[in-house]
**Q** 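There's a structure below that I have some questions on.
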Protein chains: 2
Amino acid sequence: MDFRPIQAKKIYEEVVEQIRQLMENGSLKPGDKLLSERELAEKLQVSRASVREALRALEMMGFVEIKAGGGTFIKETSGDDIIQPLAMFLSIEKGSFFEIYEIRKIFEIAAAHLAAQRATPGDLARIEENLERMKAAMTEDDSEKGEGSDAAFHFSIAEATQNGWLLRLLNTIADSFNKSISVARRQLYLTPGHPQLLIEQHTKIYEAIRDKNPILAQKTMLEHLSFAEGAMAKTLKIEPEFQLLT
Amino acid sequence: MDFRPIQAKKIYEEVVEQIRQLMENGSLKPGDKLLSERELAEKLQVSRASVREALRALEMMGFVEIKAGGGTFIKETSGDDIIQPLAMFLSIEKGSFFEIYEIRKIFEIAAAHLAAQRATPGDLARIEENLERMKAAMTEDDSEKGEGSDAAFHFSIAEATQNGWLLRLLNTIADSFNKSISVARRQLYLTPGHPQLLIEQHTKIYEAIRDKNPILAQKTMLEHLSFAEGAMAKTLKIEPEFQLLT
DNA sequence: TAAATGTTAATGGTAAGACCACTGATCTTT
DNA sequence: AAAGATCAGTGGTCTTACCATTAACATTTA
């Protein structure tokens, strides 16, 4: 006998799929108001609970925005929300430290390269400003300000790539990363001599971008990240398995 | 008067947060069975519907697996599921073609570089096998087989990086990409002379990886992707804004 | 005894109905 | 015309109920 198993697809998945298709073919554009939960339930011949579970899923993925008392709207997909599950994952998963850090390195190196090619005068000014804030933080011995302007420095480089997607992806990874290893990161700034080293490295990166030298920019960025990786790995008492892009 | 707004957090979000914390601090390990929906509802003093919405969200993000009639289990987070929202987004978003393709290029170039450093003999054999299948497909004039082995070739390179996260992210982007531009991709293989060019490029990439030359591997990969980008852009009648990593 | 079979309690899946708080537009009053 | 009150509609939540599936247990059978 040659029977095929009967597929018992969950209702909410079908609802998600129908809405997804409407978004894909353009019937539902960002800003559009969706039918109310009650109307959807009636049209699809399902319970309101099923509709709500589908909308919950779409909300989690950042495709719709649900306003209590107002209605449900197709969201202008910025991309930030799509990445939320990734951020949550990083807060839980500890094992794949170096795999993820490697991806961050790939992004940052590429960002430095592209920034050297495309940075506008405004971009350059922002990068330099963050570098100066770092230096000031060091003389003031303000490690918190130092970390903040460090992150801002990297952010402004990603901005200078003119690639919004690269900016968002890199930020998500970097943010989640900095949170999950905040201890090691703090140590990075409290070790004698390290702040000066870090500022030297950042200065070199900035100069390479300013001089529109993509190769040097990516090289200095790699050196900086590898140094930070090694220092943090020492604090965390784990050994990096690979050495990227040497 | 200095009042702080009373924040009406949605109940399901609080449920998600509580479970997330239990996962983060290790109280809930992969494989563990969660309390039943009814028990959770009673313990948390909320309705079963709210518990279900929270579990739906966790399921969408790939953190739990829900078996009808069986129970809810903490999932061994493979990472594939975390990326699902990204895949769904790519199927909808059409505008940022070159931004996304640039990210793909960044990944593929890095993958080629790392593969040249880390490929095992087994990896190399797989890469070569896919290359041979491409050649065979060309002589047989089987464009479908050609596209398939092309994708497999790139996949096997990503595999050789030994970085599971890079593999998953790259696959998600590449898959969504190939689907959304299937027309242009087909044209890429039907244009006279192109198959031969593509095979030459792939051969160069393979040889660079085989010879453990990361710089050359990344250079040949870049040339290949830039060529494909230009050809597809011509079919789609759009002009690339940037030229990456030249 | 051990395997196959039947039973049953627990679980997730779905539905229906109800009530609340909030939103936004309309209507009323000033 | 502006301010306030009204009200229908919406999402948020809870309750109850029943179904289909699962898995453990009890029973039967060879």
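Residue numbering restarts at 1 for every chain, and letters A, B, ... go by the order of the sequence lines.
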**Q** Report the residues that fulfil side chain to side chain donor-acceptor pair (under 3.5 Å) with Asn171(B), sequence neighbours left out, ordered by chain and then residue number.
**A**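 Counting only residues at least two positions away or on another chain, Asn171(B) forms no side chain to side chain donor-acceptor pair (under 3.5 Å).
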**Q** Please work out which residues in residues 35-43 of chain B have a non-hydrogen atom less than 4.0 Å from an atom of DNA chain C and list them by number.
**A** Ser36(B), Glu37(B), Arg38(B), Glu39(B)
**Q** Just jot down the side chain to side chain donor-acceptor pair (under 3.5 Å) partners of Glu132(B), sequence neighbours excluded, or say none.
**A**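 In terms of side chain to side chain donor-acceptor pair (under 3.5 Å), with neighbours along the sequence ignored, Glu132(B) is linked to no residue.
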**Q** Rounded to whole angstroms, how far apart are NZ on Lys67(B) and C1' on dA20(D)?
**A**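 Rounding to the nearest Å, NZ of Lys67(B) and C1' of dA20(D) are 17 Å apart.
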**Q** Can you figure out which of dG13(C), dA15(C), dA18(C) approaches the side chain of Val46(A) most closely?
**A** dA15(C)
**Q** In whole angstroms, how far is the P atom of dT10(D) from the CG atom of Leu34(A)?
**A**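 Taking atom P of dT10(D) as the reference, CG of Leu34(A) is at 12 Å.
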**Q** Look at the side-chain N and O atoms of Arg56(A) and state whether any lies under 4.0 Å from the OP1 or OP2 oxygen of dG12(D).
**A** yes
**Q** Gly69(A) or Tyr12(A): which one's nearest nucleotide on DNA chain C is closer to the 5' end?
**A**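 Per heavy-atom nearest nucleotide, the more 5' residue is Tyr12(A).
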**Q** When the distance from CZ of Arg48(A) to P of dC14(D) is rounded to whole Å, what number comes out?
**A** 13 Å
**Q** Lys10(B) NZ to dC14(D) C1': how many Å, rounded?
**A** 18 Å
**Q** Is the shortest side-chain N/O distance from Arg52(B) to OP1 or OP2 of dG13(C) below 4.0 Å?
**A** yes
**Q** Of all residues at least two apart in sequence or in a different chain, which pass the ring pair (Phe, Tyr, Trp, His ring centres under 6.0 Å) check with Tyr12(A)?
**A**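 Scan of Tyr12(A) (ring pair (Phe, Tyr, Trp, His ring centres under 6.0 Å), adjacent residues dropped) gives none.
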**Q** Has Ser47(A) got a side-chain N or O lying under 4.0 Å from the OP1 or OP2 atom of dA15(C)?
**A**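 So the side-chain polar atoms of Ser47(A) do come within 4.0 Å of the phosphate oxygens OP1 or OP2 of dA15(C), strictly under.
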**Q** With a 4.0 Å cut-off on N to O distance, would you call Lys105(B) and Glu108(B) a salt bridge?
**A**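 Looking at Lys105(B) and Glu108(B), the cut-off is not met.
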**Q** Please report the distance, rounded to the nearest Å, between NZ in Lys33(B) and C1' in dA23(D).
**A** 8 Å
**Q** Classify Ile11(A) by what it touches in the nucleic acid, base, sugar-phosphate, or nothing, heavy-atom distance under 4.0 Å.
**A** sugar-phosphate
**Q** Can you tell me if the side-chain N/O atoms of Ser50(A) get under 4.0 Å from OP1 or OP2 in dA15(C)?
**A**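 For dA15(C), OP1/OP2 do have a side-chain N/O of Ser50(A) under 4.0 Å.
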**Q** Taking side chain to side chain donor-acceptor pair (under 3.5 Å) as the definition, give me every residue that meets it alongside Glu147(B), ordered by chain and number, with sequence neighbours left out.
**A**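 Checked Glu147(B) against side chain to side chain donor-acceptor pair (under 3.5 Å); matches are Arg186(B).
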**Q** Starting at CD of Glu65(A) and ending at P of dG11(D), how long is that distance when rounded to a whole Å?
**A** 13 Å
**Q** Just the rounded figure in Å: distance from C1' of dG11(D) to CD of Glu59(A).
**A** 11 Å
**Q** Checking the side chain of Glu53(B) only, and the main-chain atoms of Arg52(A) only, is there a donor and an acceptor separated by less than 3.5 Å?
**A**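 Pair absent, no side-chain N/O of Glu53(B) close to backbone of Arg52(A).
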**Q** Restricting to ring pair (Phe, Tyr, Trp, His ring centres under 6.0 Å), what partner residues turn up for Phe153(A), sequence neighbours left out?
**A**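 With neighbours one apart ignored, the set is His202(A).
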**Q** Tell me: CZ of Phe73(A) to C1' of dT10(D), nearest whole Å?
**A** 10 Å
